Participant: 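Structure in structure tokens, see below.
Worth saying up front: this structure is predicted, and the values here are computed from it rather than measured.
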Amino acid sequence: MFTVTQHCLEGRYVFNHIPLGNALVFLSEILGISYVIWTFEQNFRAKPVLTTMITNSILNGVADTVAQTVTAVRQRKARQKALAKKDGISIEIHDLSEKSLPTHRADLYNIQLFDVERLVRFMSWGFLMAPIQLQWFQLLSEWFPITELNKTTATIWRVLVDQVFFSPIGLGLFFIFMTVAEGGRKNAVMRKLNHVFLPALKSNYVLWPAVQLINFRIISLPLQLPFASTIGICWTTYLSLKNDAVDA
């Protein structure tokens, strides 16, 4: 059913660049997260863990949808340029049959449909990690309570412990989870970790210490994970592109 719908949307674009299917998925996610935000306080009081899991899952879905859309836009632009220059002959794109393309250029011209399974993997990761992250933030607040006398010191300790311990472990688990969920085995896991773990960790240390400094210092505990996940849309988009680049 969904495959049929995908093929019906294939070749349709918003603003001549963004695949219509991607735009519709993104719109549905925005509607979902808007409802979650609207009812967050009420739902968090009743079911804090489940509310956080659903919120985190949708935000991860938004991030992967953005990443897939970025890839699709890049592919479309590359395809248009390559087709326009093919063999030095001016050819209208709509008159060109895909079968006439040289086989060694096939990968360049191929524009993938929206990967629903990949989206599910990212949303599952956000869903499963939410209770762990929530518990972690609670532990940090207990280990380093912020009072009027030690606001700065306690905040710095929270950030330091979070970045030294949780960040590298969480990042490693992310790549392991994604690889296994994609059907990869030990060799695939090791290959991915060897290629992307250290660059991603370095990028993590550019962004997250500053984010967590604001998070732990200003944001109340119930909103710390949603805040981090919202900022994390850009971060998860980056991870999605990194993870996909190794698989390509």
Participant: Say you draw a straight line from CG of Leu239 to SG of Cys234; how long is it, rounded to the nearest 0.5 Å?
Facilitator: 11.5 Å
Participant: Tell me if a side-chain donor or acceptor on Tyr205 pairs with a main-chain N or O of Gln163 at a distance below 3.5 Å.
Facilitator: yes
Participant: Of all the heavy-atom pairs spanning Gln68 and Asp115, show the shortest one and how long it is.
Facilitator: OE1-N, 2.8 Å
Participant: Give the minimum heavy-atom separation between Pro48 and Leu134, together with the two atoms involved.
Facilitator: O-CD2, 4.4 Å
Participant: According to a 4.5 Å side-chain heavy-atom criterion applied to Ile, Leu, Val, Met, Phe, Trp and Tyr, with indirect links allowed, do Val164 and Trp136 form part of one hydrophobic cluster?
Facilitator: yes
Participant: From Ile54 CD1 over to Leu59 CG, what is the distance, rounded to the nearest 0.5 angstrom?
Facilitator: 12.0 Å
Participant: Do you reckon Ile231 sits in the same ILVMFWY cluster as Leu140, going by side-chain contacts under 4.5 Å, direct or chained?
Facilitator: yes
Participant: Taking the cut-offs as 6.0 angstrom to the six-membered ring centre and 45 degrees off its axis, would you call Arg121 and Phe177 a cation-pi pair?
Facilitator: no
Participant: How are the rings of Trp235 and Trp208 set relative to one another: parallel (under 30°), tilted (30 to 60°) or perpendicular (over 60°)?
Facilitator: perpendicular
Participant: If you measure only the distance, is there a donor-acceptor pair under 3.5 Å linking the side chains of Asn150 and Thr147?
Facilitator: yes
Participant: In sequence, state the C-alpha distance, the side-chain angles, and the governing distance for Phe114 and Phe26, and then conclude on ring-ring contact (aromatic ring centres under 6.0 Å, His included).
Facilitator: CA-CA 11 Å; Phe114 188 84; Phe26 182 76; over 10 Å; no
Participant: Are Leu207 and Phe165 connected in a single hydrophobic cluster, I mean Ile/Leu/Val/Met/Phe/Trp/Tyr linked by side-chain heavy atoms less than 4.5 Å apart?
Facilitator: yes
Participant: Does some side-chain heavy atom of Leu173 sit less than 4.5 Å from a side-chain heavy atom of Trp125?
Facilitator: yes
Participant: Measure across Thr237 and Ile233 and return the closest heavy-atom pair with its distance rounded to 0.1 Å.
Facilitator: OG1-O, 2.7 Å
Participant: Could you check whether the rings of Phe144 and Trp157 sit parallel, tilted or perpendicular, using 30° and 60° as the cut-offs?
Facilitator: parallel
Participant: With no hydrogens and no angle check, is any side-chain donor or acceptor of Thr55 less than 3.5 Å from a backbone partner on Pro226?
Facilitator: no
Participant: First locate atom CG of Leu128, then atom CE of Met53, and finally report the distance between them rounded to the nearest 0.5 Å.
Facilitator: 6.0 Å
Participant: Taking atom CD of Gln138 as the centre, report whether more than 12 heavy atoms of other residues, nucleotides or ligands fall under 6.0 Å from it.
Facilitator: yes
Participant: When you look at Glu182 and Lys192, which way does the side-chain contact (heavy atoms from CB on, under 4.5 Å) test go after all the steps?
Facilitator: CA-CA 12 Å; Glu182 291 161 3; Lys192 185 165 289 185; 3.2 Å; yes
Participant: Are the side chains of Phe127 and Asn56 in contact, using a 4.5 Å heavy-atom criterion?
Facilitator: no
Participant: Taking all heavy atoms of Pro199 and all of Tyr238, pick out the closest pair and write down the distance.
Facilitator: O-OH, 3.7 Å
Participant: Measuring from atom CZ of Phe137 to atom CZ of Arg158, what distance do you get when rounded to the nearest 0.5 angstrom?
Facilitator: 10.0 Å
Participant: Drop me the distance from Met129's CE to Ser229's OG, to the nearest 0.5 angstrom.
Facilitator: 10.0 Å
Participant: Using a 4.5 Å cut-off on heavy atoms from C-beta on, say whether the side chain of Leu139 contacts that of Trp143.
Facilitator: yes
Participant: Are Gln212 and Asn215 close enough that some pair of their side-chain heavy atoms sits under 4.5 Å apart?
Facilitator: yes
Participant: May I ask you to check whether Phe122 and Phe174 place their ring centres under 6.0 Å from each other?
Facilitator: yes
Participant: For Glu148, which residues count as a salt bridge (Lys or Arg N to Asp or Glu O under 4.0 Å) partner, sequence neighbours excluded?
Facilitator: Lys151
Participant: Would you name the heavy atoms of Ala63 and Thr236 that are closest together and state the gap between them?
Facilitator: CB-CB, 3.4 Å
Participant: Side chains of Met178 and Ser240: closer than 4.5 Å at any heavy-atom pair?
Facilitator: no
Participant: Working to the nearest 0.5 Å, report the span between CG of Asn22 and CG of Leu113.
Facilitator: 9.5 Å
Participant: Would you say Phe44 and Thr52 make side-chain contact, with heavy atoms under 4.5 Å?
Facilitator: yes
Participant: Looking at side-chain heavy atoms only, is the closest gap between Gln133 and Gln224 below 4.5 Å?
Facilitator: no
Participant: So if you build clusters from Ile, Leu, Val, Met, Phe, Trp, Tyr with side-chain heavy-atom gaps below 4.5 Å, do Val62 and Leu27 land together?
Facilitator: no
Participant: Applying the 4.5 Å side-chain criterion to the ILVMFWY set and letting contacts propagate, would Ile33 and Trp38 be lumped into a single cluster?
Facilitator: no
Participant: Using the rule given for side-chain contact (heavy atoms from CB on, under 4.5 Å), can you reason through Val206 versus Lys202, listing the C-alpha separation, both sets of side-chain angles and the distance that settles it, and then say yes or no?
Facilitator: CA-CA 7 Å; Val206 171; Lys202 290 177 182 177; over 6 Å; no
Participant: Could you tell me which non-hydrogen atom of Ile18 sits nearest to which non-hydrogen atom of Ala23, and how far apart they are?
Facilitator: CG2-CB, 4.4 Å
Participant: Can you check whether Leu223 reaches Phe40 side chain to side chain, under 4.5 Å on heavy atoms?
Facilitator: yes
Participant: Test side-chain contact (heavy atoms from CB on, under 4.5 Å) on Phe227 and Val211 and set out the steps.
Facilitator: CA-CA 9 Å; Phe227 173 80; Val211 172; 4.0 Å; yes
Participant: Please check if the side chain of Ser57 supplies one atom and the backbone of Met123 the other of a donor-acceptor pair under 3.5 Å.
Facilitator: yes
